[in-house]
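This report concerns only the one structure given below.
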Amino acid sequence: MTGEYPPIGLFIAGEWRGATGRETRPVVNPATGEALASLPVATTADLDDAAAAAAQSFPAWRSATAFDRCRILRRAGELLRERAADIGWATTVEQGKPIGEATAEVHAAADIFDWFAEEGRRAYGRVVPSRREGVRNLVLRQPVGPVAAFTPWNFPITIPARKIAAALAAGCTMVFKPAEETPATGLALARALHDAGLPAGVLNVVMGEPAAISTQLIRDPRIRKVSFTGSTAVGRQIAHLAAEGIKRATLELGGHAPVLVFDDADVERAAAMAASAKFRNAGQICIAPTRFLVQEGVYDRFVDAFASRIRALRVGNGLDPEVTMGPLAHDRRPPAVAALVDDARDRGARVVVGGTPIDGSGYFWQPTLIADVEDGARIMNEEPFGPVALAVPFVDVDDAIARANALPYGLASYAFTGSAATAVEVEERIEAGMLAVNHFGLTSPETPFGGVKESGYGSEGGSEGIADYFVTKLVSESW
Ligand code: NAD
């Protein structure tokens, strides 16, 4: 498939449905602005069929042994690895990220499949000692039921993999809506699972009009759980819909990650790591380091070191293996980033590097560093979701933590310090679902991923990631 964009269709009850008789939407290459394909917009009947397929396949899938479910998921993981070059190519042309990042993401998705395949086999219940003779209390964990999952375009294979692998390993079935910007990557997961022997109807893929799809599916009584990754604004709507039916929801929403760089940190090392972490995927990452809060004594040194690393980045079409940063993912992103950068500039912030879009075809934006940004600037409060880093000085640990915790977001956070005491203080007081100290690595299949405050609730990854797909049943038996 390298060099050839795959056909895009809906996948319902094990069968493909194409564009005939349906509206279509273009899929666009963000590096060139050219159309790659048309995707069929699911009708209400398609969505009804998808929910029906997930409901009908649920009894047999929940009764399948955890060993059988594991075997299918492991096989799908192997197929993803075999197909990584082709899938990575499709990701780059539809999403824009450099081909190396795209291919690595496919391998990461395969690792997620392996982890949850095995975690499904470890989904133990409990036996609780009874207060009464002759009584046994059993705590059973059972799959919650058919799930509706909605995923964004920024990590078009690992985010769906976390939801799909956890749900399927637990014995749930699913209707999955990938982002309309990145349908080929989402469908590659369905193809791998189908080829690995997944029974028809256990995973169904729909796409088209996001709000219409999520509204219909979440209100459908056959859907028992919802999982969404995307913006806080949309997450709030999803949470309302889920609440109407008292349905469980896992919400992975926006972030505005603070990075606390203390005077005693290895400043040059922190700056080098920051440049690669910030501009990966052109900054379109919910855990992207964004607010660089730097202690006064090393502020200028950090800004200079960071700026020189940023200037070394190479922006271009992600298919070029030399490129380290691709375009923004779609045409809505450049104006959104521009509005935030212009507002900061108008309020007197200093643009150290970049600060403007790049002319030409495609949705390119310069890697940007803005220093001395005032607290009231929009970009200090709204997620830029683009290649823009902000630098602001702080006085002491109390000031740093107060600034870090000032926003309603609480997803990722980072701290750089040479002091164990300072690290512990940050670990205890920061309001975030995740904190990395002296590095930027926060994602792995075996560790929980999730936020607090308006960054959402529930966890994905790790043992926590499968827990939300089970309900608890107490069985108290007397013989
Ligand atoms: P957007 O809100 O238009 O879309 C974001 C994603 O949500 C898309 O994949 C879209 O298909 C989906 N979506 C939108 N409305 C939906 C609905 N009613 N029901 C179900 N899904 C829906 O924004 P955008 O311009 O594409 O992205 C920018 C913003 O989205 C960013 O500011 C960021 O906050 C957020 N975002 C977050 C993540 C994340 O990983 N948490 C990923 C991508 C985008």
Side-chain angles (χ1 to χ4, degrees), residues 25 27-28 30 39 41-42 47 94-97 105 148-163 175-183 185-186 205-219 223 226-242 249-257 280-288 290 327-340 363 365 378-379 381-388 407-412 433-434 442-443 449-451 453-461:
R25 276 179 62 156
V27 184
V28 173
L39 67 78
V41 172
L47 300 174
E94 67 184 8
Q95 198 273 346
K97 69 178 68 181
E105 196 190 329
F150 309 96
T151 60
W153 39 261
N154 58 337
F155 287 94
I157 195 158
T158 49
I159 294 176
R162 281 202 205 116
K163 299 182 193 303
V175 182
F176 157 52
K177 188 194 84 59
E180 284 65 25
E181 291 82 5
T182 53
T185 311
V205 187
V206 297
M207 57 192 86
E209 187 48 56
I213 293 175
S214 57
T215 304
Q216 181 174 336
L217 288 178
I218 298 171
R219 287 199 168 136
I223 297 296
V226 179
S227 181
F228 170 77
T229 300
S231 66
T232 296
V234 175
R236 213 180 297 279
Q237 295 167 26
I238 300 274
H240 274 291
L241 286 165
T250 300
L251 302 174
E252 299 291 349
L253 309 178
H256 203 305
R280 192 163 70 99
N281 205 4
Q284 303 166 116
I285 308 182
C286 50
I287 60 168
T290 295
L328 302 187
H330 55 65
D331 59 358
R332 302 189 297 280
R333 296 311 307 151
V337 173
L340 297 179
Y363 313 126
W365 185 277
R378 282 183 58 197
I379 202 162
N381 298 281
E382 297 172 36
E383 189 179 24
F385 222 68
V388 185
L407 299 194
Y409 292 117
L411 192 59
M434 297 171 277
L442 280 176
T443 48
F449 184 101
K453 296 161 77 177
E454 292 188 15
S455 292
Y457 39 74
S459 260
E460 299 193 291

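Each residue takes its place number in the sequence, starting with 1. Computed from a predicted structure; not experimentally measured. Just follow the structure's listing: the first ligand is 1, and inside any ligand the first atom is 1.
- With hydrogens and angles left out, the side-chain atoms of Asn281 and Gln95 include a donor and acceptor closer than 3.5 Å.
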(request) With side-chain contact (heavy atoms from CB on, under 4.5 Å) as the test, would you mind laying out the steps for Thr229 and Glu460 before giving the verdict? (result) CA-CA 10 Å; Thr229 300; Glu460 299 193 291; 3.9 Å; yes
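- For atom 10 (C) of ligand 1, the nearest non-hydrogen atom from the set Ser214, Gly254, Ala212, Pro210 comes from Pro210.
- Counting atoms of ligand 1 from 1 in the listed order, those under 4.0 Å from a heavy atom of Glu180 are 11 (O).
- In this structure, the protein non-hydrogen atom closest to atom 34 (O) of ligand 1 is Glu383 OE1, 2.4 Å.
- Using modelled atom types, one side-chain atom of Ser455 and one backbone atom of Gly254 make a donor-acceptor pair closer than 3.5 Å.
- The shell of residues lying under 4.0 angstrom from ligand 1, judged by heavy atoms, excludes Glu382.
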(request) Tell me, with the steps shown, if Glu181 and Arg332 meet salt bridge (Lys or Arg N to Asp or Glu O under 4.0 Å). (result) CA-CA 11 Å; Glu181 291 82 5; Arg332 302 189 297 280; 3.1 Å; yes
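- The nearest heavy-atom contact from the protein to atom 43 (C) of ligand 1 is Pro152 CB, 3.3 Å.
- Of the possible donor and acceptor atoms, none in the side chain of Lys97 sits under 3.5 Å from a partner among the backbone N and O of Pro327.
- Close approach of ligand 1 to Phe228 (heavy-atom distance below 4.0 Å) involves ligand atoms 21 (N).
- Closest approach of Leu328 and Pro387 over heavy atoms only: CD2-CD, 3.5 Å.
- Panel note: side chain Thr232, backbone Glu454; a donor-acceptor pair is recorded below 3.5 Å.
- Those atoms of ligand 1 with a heavy atom of Glu252 less than 4.0 angstrom away are 41 (N).
- When hydrogens are left out, the protein atom nearest atom 18 (N) of ligand 1 is Ala211 CA, 3.3 Å; that is the closest non-hydrogen contact.
- In this structure, Arg162 does not pair ionically with Glu252, as no charged nitrogen and carboxylate oxygen lie closer than 4.0 Å.
- The distance from ligand 1 to the heavy atoms of Cys286 drops below 4.0 Å at these ligand atoms: 39 (C), 40 (O), 41 (N).
- Residue, atom and distance of the protein heavy atom nearest to atom 5 (C) of ligand 1 are Trp153 NE1, 4.3 Å.
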(message) If you apply the rule side-chain contact (heavy atoms from CB on, under 4.5 Å), what do you find for Cys286 with Phe449, and how did you get there?
(response) CA-CA 11 Å; Cys286 50; Phe449 184 101; 4.1 Å; yes
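- Any N or O atom pair closer than 3.5 Å counts here, and His330 shares at least one such pair with ligand 1.
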(request) Check the pair Leu251, Ile238 against side-chain contact (heavy atoms from CB on, under 4.5 Å), reporting the backbone distance first and the verdict last. (result) CA-CA 9 Å; Leu251 302 174; Ile238 300 274; 4.0 Å; yes
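- When non-hydrogen atoms are compared, ligand 1 lies under 4.0 Å from the backbone of Thr151 (N, CA, C, O) but not from its side chain.
- Close approach of ligand 1 to Leu253 is summarised as follows: ligand atoms under 4.0 Å from at least one heavy atom of the residue are 41 (N).
- Of all protein heavy atoms, the one lying nearest to atom 28 (C) of ligand 1 is Arg333 NH1, 3.3 Å.
- Closest heavy-atom approach to atom 17 (C) of ligand 1 among the candidates Asn281, Thr229, Val234: Val234.
- Listed by atom number, the atoms of ligand 1 under 4.0 Å from Ala179 heavy atoms are 9 (O).
- Of all protein heavy atoms, the one closest to atom 31 (C) of ligand 1 is Phe385 CG, 3.6 Å.
- Each of the following atoms of ligand 1 lies closer than 4.0 Å to a heavy atom of Lys177: 11 (O).
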(request) Report the C-alpha distance between Trp365 and Phe385 in whole Å, list the side-chain angles of each, state the deciding distance to 0.1 Å, and finish with yes or no for ring-ring contact (aromatic ring centres under 6.0 Å, His included). (result) CA-CA 12 Å; Trp365 185 277; Phe385 222 68; over 10 Å; no
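- The protein heavy atom nearest to atom 3 (O) of ligand 1 is Arg332 NH2, 3.6 Å.
- Using cut-offs of 30° and 60° on the angle between ring planes, the pair Phe150 and Phe228 is tilted.
- For atom 30 (O) of ligand 1, the nearest protein heavy atom (residue, atom name, distance) is Ser231 CB, 3.6 Å.
- Residue contact check for ligand 1: Thr215 places no non-hydrogen atom closer than 4.0 Å to it.
- Using a 4.0 Å heavy-atom cutoff, Phe155 is absent from the residues neighbouring ligand 1.
- Side-chain N or O atoms of Glu180 include none that pairs as donor or acceptor with a backbone N or O of Pro210 at under 3.5 Å.
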